[in-house]
Protein chains: 2
Amino acid sequence: MRLGLDVFGGDFAPDATIKGAILARKELSKEHAIVLLGDKEIIEAKLSQEGQPISAFDIIHCPDTIGMGEHPAKAFMKKPNSSIGVGFQLLKENELDAFASAGNSGAMLAGCMLSIKPVHGVIRPTITSVLPRLDGSVGIILDVGTNIDCKPDVLYQFGILGSQYAKYIHQIENPKVGLINIGEEEEKGNLTSQAAHVQMRDSKEFNFIGNVEGRDIFDNKVDVIVCDGFTGNIILKQAEAFYSLIKKRGIQDSYFDRFNYELYGGTPVLGVNSNVIIGHGISSPLAIKNMINLAREVADVKLASKIREAFQ
Amino acid sequence: MRLGLDVFGGDFAPDATIKGAILARKELSKEHAIVLLGDKEIIEAKLSQEGQPISAFDIIHCPDTIGMGEHPAKAFMKKPNSSIGVGFQLLKENELDAFASAGNSGAMLAGCMLSIKPVHGVIRPTITSVLPRLDGSVGIILDVGTNIDCKPDVLYQFGILGSQYAKYIHQIENPKVGLINIGEEEEKGNLTSQAAHVQMRDSKEFNFIGNVEGRDIFDNKVDVIVCDGFTGNIILKQAEAFYSLIKKRGIQDSYFDRFNYELYGGTPVLGVNSNVIIGHGISSPLAIKNMINLAREVADVKLASKIREAFQ
């Protein structure tokens, strides 16, 4: 398995990405090659600085970089020799089994849409977040910010996409899919959620358990929470706000510690033809390590192929 | 001031309501009469049971009750002699300065729309919740579940309504109004929030500070968070979920203790012609006491009149 890492993606790149790659290298087996994409000279210098043998990694020189503030689609089109541009080219040629970046997430999504393209039948690829639960497991929520206004059939497909992710990456058999809403009854909610409920109710493609509410977000009654990217993004950031409040109050607690984004490394882009991982812009070395681990997991189970099969 | 209480409203009525009224009576001055609405015989029996002089309260006999599960508007129309029906009649006749109930909230809203009616110019009356902040103050969020799909001009008006509430009840001068969104830039968000931002941006009727995100919900940068009732209800219930998790983890913390709904007693209905308070269905005696206190506050400052003036 060849796991590509955008060394120049993220607020603290390339230091954090190189350090994260070194941490990941120690954990991965020899079957998993870490492919570092970026300016070769800088990468080699950083590796030496960290006392690491250059031979532990594959390095692919990319002379260009897409900055965090650049216009995503324009930058992706204009910079084929950027680390993100080269990453997608290699994915497309099957020279990588997964490609991960904590860089310009819009450019990563542009690469998904313009280069490797959505899986045939998927209306809108999506991104996710994990929800820590009291029993040590996690739930999944999607979308969390890519698809803002969603039609009911898009929400329906999130049920399929989230189920595949929950099953193959989080080992949840027959995941329970819930639609976020403001009441359990099917007539509750805004016009979109009412229509989505009707579509999801009779699904044979996933295990729909009905509407779920804000109070159920961290509950084991639901494994995959479906919502539009507007609602999901607000839920995700409210959870971050709570985690921040817990830290500010000086509370140490093993459950709430699991709200630390660094532990999860990011999200796969679900519904595109290769395995792509998007990490948090502020990724630390630990977050980068876990992003590479997530890349390994989705590559090992061939998540993108599994999703393609689900839509055949 | 005459403060009406629906003694037969709430999951634990009439025990919790009578006990809450007794607690409130001890705190209120003589200028504030508590008017108990419900079956007189039962009310008097409960007061005796609690060792309270009946003369401490005004009692208005209402032979009927609207149950928690009844269809709100139908029940309100068909049961004029219910405690809720009589409460609104007395409000309309200016025999009460405020009316509070933890009962069927839909029936309370039906009373607002059908009996005392919205303030002229208010498109959609709304309900709120408070957001505890680290410095001991609270922010306001509205709507939290009454107006599910909101047009931009409705969201705009929530800025006025929330500002009045924040100013007169929470003593926040020139409250900072923010629109919930998924990014700070004005082009961010769903179609409704983009359009609402444009309307709110140039408002001279409130102090608009721009978009706020999920991470800002408990932050002092914003005093009044405007959102549709779908988003607001999910935010509110997610906050309840967090409070529940904190309790389940056995964490004692003076800040997080302020997420206890009992401390706030409910929400005024903003934008109707009299002072109406809706409490939580599960209200305990403490919550009922604070609901009566909130009724006293809105009656003292004449909140409904202040809002009427703002819309003139």
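So that the names make sense, note that chain A is the first sequence line, chain B the second, and so on, each numbered from 1.
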Review point. Does the pair Lys79(B)/Glu70(B) count as a salt bridge with the N-to-O cut at 4.0 Å?
Key: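 So Lys79(B) pairs with Glu70(B) through a salt bridge.
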Check your understanding: Is it true that Arg124(B) and Asp149(B) have a side-chain N and a carboxylate O under 4.0 angstrom from each other?
Key ->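 Asp149(B) and Arg124(B): not salt-bridged.
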Exercise for review: Kindly compute the distance separating CD1 (Ile66(B)) from CG (Asp6(B)), expressed to the nearest 0.5 Å.
Suggested key: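 So the CD1 of Ile66(B) and the CG of Asp6(B) are separated by 8.5 Å.
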What part of [X] gets within 4.5 angstrom of chain A, counting heavy atoms only: side chain, backbone, both, or neither?
X: Phe218(B); result: side chain
X: Ile182(B); result: both
X: Lys188(B); result: neither
X: Ser254(B); result: both

Check your understanding: Does Arg258(A) reach the main-chain N or O of Leu134(A) with its side chain, forming a donor-acceptor pair under 3.5 Å?
Key ->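 No; zero donor-acceptor contacts below 3.5 Å.
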Point to revise | Top contributor to chain A contacts, counting heavy-atom pairs under 4.5 Å, from Asp216(B), Ile217(B), Asp228(B), Ile251(B) | key: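 The residue among Asp216(B), Ile217(B), Asp228(B), Ile251(B) with the greatest pair count is Ile251(B).
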Check your understanding: With a 6.0 Å cut-off on ring centres, are Tyr165(B) and Phe158(B) close enough?
Key ->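 Between Tyr165(B) and Phe158(B), the centre distance exceeds or equals 6.0 Å.
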Review point. For the ring pair Phe230(B) and Phe230(A), is the centre-to-centre distance below 6.0 Å?
Key: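 Centroid distance Phe230(B)-Phe230(A): not below 6.0 Å, so no.
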Review point. Taking every heavy-atom pair that is under 4.5 Å apart, which of Thr231(A), Leu191(A), Thr192(A) has the most such pairs with chain B?
Key: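 Heavy-atom pairs under 4.5 Å are most numerous for Leu191(A).
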Practice item. Tell me, for Ile180(A) versus chain B, whether the close heavy atoms (under 4.5 Å) come from the side chain, the backbone, both or neither. Key: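 Ile180(A) touches chain B through backbone and side-chain heavy atoms alike.
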